[in-house]
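Working notes, beginning with the structure itself.
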Amino acid sequence: NIVSLSRFLGYLKIFEHGRAFIVDDKNKVIAVPIKNDAELDALVKPAPEGSAEPFIFYEMAELPDSNIRTAMAAWTARKDKATEAEYEFTGADGKAYIANLIDFPYKPESHFTIGILVPKDDIFGAINKNSLIVFLIILVCLVIAVVVGIMLSQRISRSLAKLAVEVGKVSRLELDS
């Protein structure tokens, strides 16, 4: 059942904002992540009047999820040229995504395309955050080292200045202090 498959996709945990979808060989989306019946409009639309079925699947161009549409358009444009199923694209929301789509044959002359979309920030966000934290720690350590170096050099130079004054007095034979 397509609704059960879509619900299964809705409960998959693919990083924080990733999602999976399935497209048939007629380029119709047959499963998208949903969690309840109220979200069915993300998968199907009302059928035209007089149809035997109450609902029909969206054509790819009509799909409400613009990022899945964009991923499929990028996949279609590169499918014949590339051997790798993983690629990057900019979603309709302006964010960078990593997609992995693969054709899955289920009958001769027929296939499903199974896809996964993950915002790049979900994958690299933690790495970037950790890099920033490490950079800030290094910066703080560098500032502390510079301040300690300046204080130490001032202390040594004051002692050397006093020593130079005393050596000057000795060279002038001022031995009274």
So [Y] and [X], do their side chains get closer than 4.5 Å, heavy atoms only?
X      : Y      : result
Val165 : Leu163 : no
Arg69  : Asp65  : no
Glu88  : Lys120 : yes
Trp75  : Asp103 : yes
Ile133 : Leu136 : no
Ser131 : Ile127 : yes
Asn100 : Ile98  : no
Ile22  : Thr113 : no

Examine distances only and state if a side-chain atom of [X] and a backbone atom of [Y] form a donor-acceptor pair shorter than 3.5 Å.
X      : Y      : answer
Ser153 : Ile150 : yes
Asp24  : Phe112 : no
Glu39  : Lys35  : yes
Asp122 : Glu16  : yes
Ser6   : Val3   : no
Glu62  : Glu59  : yes
Thr76  : Met72  : yes

CZ/Arg155: more than 12 non-hydrogen atoms of other groups inside 6.0 Å: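 No, the 6.0 Å shell around CZ holds no more than 12 heavy atoms from other groups.
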Crowding at CD1, Ile102 (>12 non-hydrogen neighbours, <6.0 Å):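 Open: at most 12 neighbouring heavy atoms sit under 6.0 Å from CD1 of Ile102.
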Where [X] and [Y] come nearest, the two heavy atoms and their spacing:
X      : Y      : answer
Gly18  : Pro119 : N-CD, 4.1 Å
Ala31  : Leu9   : CB-CD1, 3.6 Å
Ala42  : Pro64  : O-CD, 4.0 Å
Gly115 : Leu101 : CA-CG, 3.7 Å

Linking I/L/V/M/F/W/Y whenever their side-chain heavy atoms sit closer than 4.5 Å, directly or via other members, would [X] and [Y] fall into one cluster?
X      : Y      : value
Ile56  : Val44  : no
Leu160 : Leu152 : yes
Leu173 : Val167 : no
Leu43  : Tyr11  : no
Phe8   : Tyr106 : yes

Working for side-chain contact (heavy atoms from CB on, under 4.5 Å), residues Lys45 and Asp41: CA-CA 6 Å; Lys45 63 182 180 178; Asp41 59 342; over 6 Å; no
Pair Tyr97 and Phe89, ring centroids less than 6.0 Å apart: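 Close enough - the centres of the two rings lie under 6.0 Å apart.
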How long is the gap from [atom1] on [X] to [atom2] on [Y], to the nearest 0.5 Å?
X      : Y      : atom1 : atom2 : result
Ile30  : Ile2   : CD1   : CD1   : 4.5 Å
Ser171 : Glu166 : OG    : CD    : 11.0 Å
Lys129 : Asp121 : NZ    : CG    : 13.5 Å

side-chain contact (heavy atoms from CB on, under 4.5 Å) evaluation trace for Val29 with Met60: CA-CA 7 Å; Val29 178; Met60 187 55 65; 3.4 Å; yes
Single hit among Leu142, Val146, Val147, Val140 for side chain to side chain contact (heavy atoms under 4.5 Å, CB included) with Ile144: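 Going through Leu142, Val146, Val147, Val140 one by one, the side chain to side chain contact (heavy atoms under 4.5 Å, CB included) with Ile144 is satisfied by Val140 alone.
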Candidate pair Phe21 and Leu117, rule side-chain contact (heavy atoms from CB on, under 4.5 Å), full reasoning: CA-CA 9 Å; Phe21 61 94; Leu117 303 178; 3.9 Å; yes
Step-by-step side-chain contact (heavy atoms from CB on, under 4.5 Å) determination, Ile34 to Val32: CA-CA 6 Å; Ile34 63 172; Val32 295; 4.1 Å; yes
